[in-house]
> 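What follows is a single structure, and I will ask about it in a moment.
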Amino acid sequence: ASIAVLCYVNNDADERLPPGPRVRLPLIGNLFLHAPTMAFLPSALRRLRRSHGPVVTLWAGNRPAVFVIGRDFAHRTLVRAGAALAHRPPSPFASSRALSFNRHGVNAAEYGDRWRRLRSNICSCLAATEALRRRSVDRLVATLELEARAGAGATGVVAPTDAFRHGVFSFFAVLCFGEWVRDGEHDAVLRDLRRAHADILALTVELGAFHLVPAVLMTTSTALEWTMARLVHHSDIQRKLRHDIAKTTNSGGVGVSPSPYLKAVVQESLRLHPPAHYLLAHTVDRDVPLGAGGYVFPKGAIVNYAVAEIGRDATAWTDPDEFLPERFMEGGEGAMVDAASCGGADIRMMPFGAGRRACPGASFAVSVLHLFVGRLVEQFEWWPMAEDDKAPVDFSEKTGLVTVMKTPLRALIVPTTSS
Ligand code: HEM
């Protein structure tokens, strides 16, 4: 009853804002009423989309927080009104300001010269890492082999989440700091990095890439885990992939370009299981008209994008909830779509965002995934656990800044005859 007294129907909000539930609490708004934690957000947005349409306004305190759920509006705003949307909202909380290094990090930096320099630093440090990538994947294979042989009975069973994280982490750690991290040490190293970063942050713009390691590690290793989970579940796709890789390798494809089916598998995994279900928050430096219903994003509004909903949109994909890499093969409905550079004529998926603030590591991340997935499939057959035959892999999601598997993957691995 007290909540009912406190709630009020908001009639004085900017009428040009996209529609949304009008009931909200003074000071608190209504975002937290609909999604008290991030875990509630996907179902809340689906519900709100049905009642209010593809762009919905909620309130975070007394600031409008707009959620773009429709791909057409994502394109209209991120791509066509790109410059206006290229801003990040300052965080109201001291803790998150500290986490973003007071906007000195590239992901939170104000759109402008500093941001441009930080981005170009990142892109230049990602070049020429071929040998490093191969060494990282060799180490990952060795770790999995050890795990499969460990314990009584050498069952071949692995729970590879940590090995995936460590494999990806070692790679980025060497890239940034030139040193290999020993197994089991990466949490401690991350803590040291955060401490060191806080101390020397102000001294150099190059360190703008530094704090990204945890985010990059989680997104890339999570994408690897979802992809391998799909391959464990769909043994026919796994077999076809192994065959396609062998065919490409035999015709001189190794080290030159990934097999077409490998590209399709990774792309389909990023469509159906984007590690980031939401882009980082954007804001606008001017009123941005949406061109429909007379709505605008008013200057200063927080704008969020529902990445997973956009990738699973039934107006863009046949059977959007099915894992069908063939859709990205020649002649398929997604043959012209590239996960790493979205936003041409329209948006059909955007695991890395679109427009000016889109992920600068996208192509790099995709090429790392090609290498890791390709090698893991060449090296091992991946089987569901014998006792889990009836419900082989649990695809439930644990939504957060990065959406991970609620039940981490477990699988039986068997070295392939060619390995
Ligand atoms: C599968 C792996 C990855 C995924 C799914 C991913 C996804 C994303 C997403 C969704 C954004 C937010 C875009 C927006 O707010 O509009 C982002 C931003 C960013 N990502 Fe990634 N990313 C991945 C890997 C990487 C890698 C490997 C790097 C660099 C080494 C990287 C560096 C960045 C940076 C610097 C930003 C902030 C860009 C800006 O604000 O201008 N990411 N990423």
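We count ligands from 1, going down the list as the structure has it; atoms in each ligand are counted the same way.
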> I need the atoms of ligand 1 closer than 4.0 Å to a non-hydrogen atom of Pro351, numbered in the order shown.
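Answer for ligand 1: 5 (C), 7 (C), 10 (C).
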> Among Arg88, Lys299, Arg63, whose side chain to side chain contact (heavy atoms under 4.5 Å, CB included) with Thr283 holds?
Arg63
> Does Arg356 come within less than 4.0 angstrom of ligand 1, counting non-hydrogen atoms of the residue?
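It does not; every heavy atom stays at 4.0 Å or beyond.
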> Below 3.5 Å, N or O to N or O, backbone or side chain included: is there any such pair between Phe364 and ligand 1?
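No: no nitrogen or oxygen of Phe364 is under 3.5 Å from one in ligand 1.
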> Check whether Phe328 forms a cation-pi arrangement with Lys263 (NZ or CZ under 6.0 Å from the six-membered ring centre, at most 45° off the ring normal).
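Checked: cation-pi criterion not met.
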> Short N/O distance, under 3.5 Å, between Arg88 and ligand 1?
yes
> Side chains of His34 and Phe40: does their closest heavy-atom pair fall under 4.5 Å?
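When only atoms from C-beta onward are counted, Phe40 and His34 do not touch, as no gap falls below 4.5 Å.
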> Could you tell me if the side chain of Pro18 sits less than 4.5 Å from the side chain of Leu290, heavy atoms only?
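Yes, side chains in contact.
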> For Thr220 and Phe372: C-alpha separation, side-chain torsions, deciding distance, then whether side-chain contact (heavy atoms from CB on, under 4.5 Å) applies.
CA-CA 10 Å; Thr220 312; Phe372 275 64; over 6 Å; no
> Check contact between Trp115 and ligand 1, using heavy atoms of the residue and a distance below 4.0 angstrom.
yes
> Does Leu17 form a side-chain contact (heavy atoms from CB on, under 4.5 Å) with Val296? I'd like the steps, not just the answer.
CA-CA 6 Å; Leu17 274 166; Val296 298; over 6 Å; no
> For Leu279, counting its heavy atoms only, list the atoms of ligand 1 lying under 4.0 Å from any of them.
10 (C), 14 (C), 15 (O), 16 (O)
> Given Trp226, Phe352, Tyr305, which has its nearest heavy atom closest to atom 4 (C) of ligand 1?
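Considering heavy atoms of Trp226, Phe352, Tyr305, the nearest to atom 4 (C) of ligand 1 sits in Phe352.
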> Can you find an N or O of Thr220 that's nearer than 3.5 Å to an N or O of ligand 1?
no
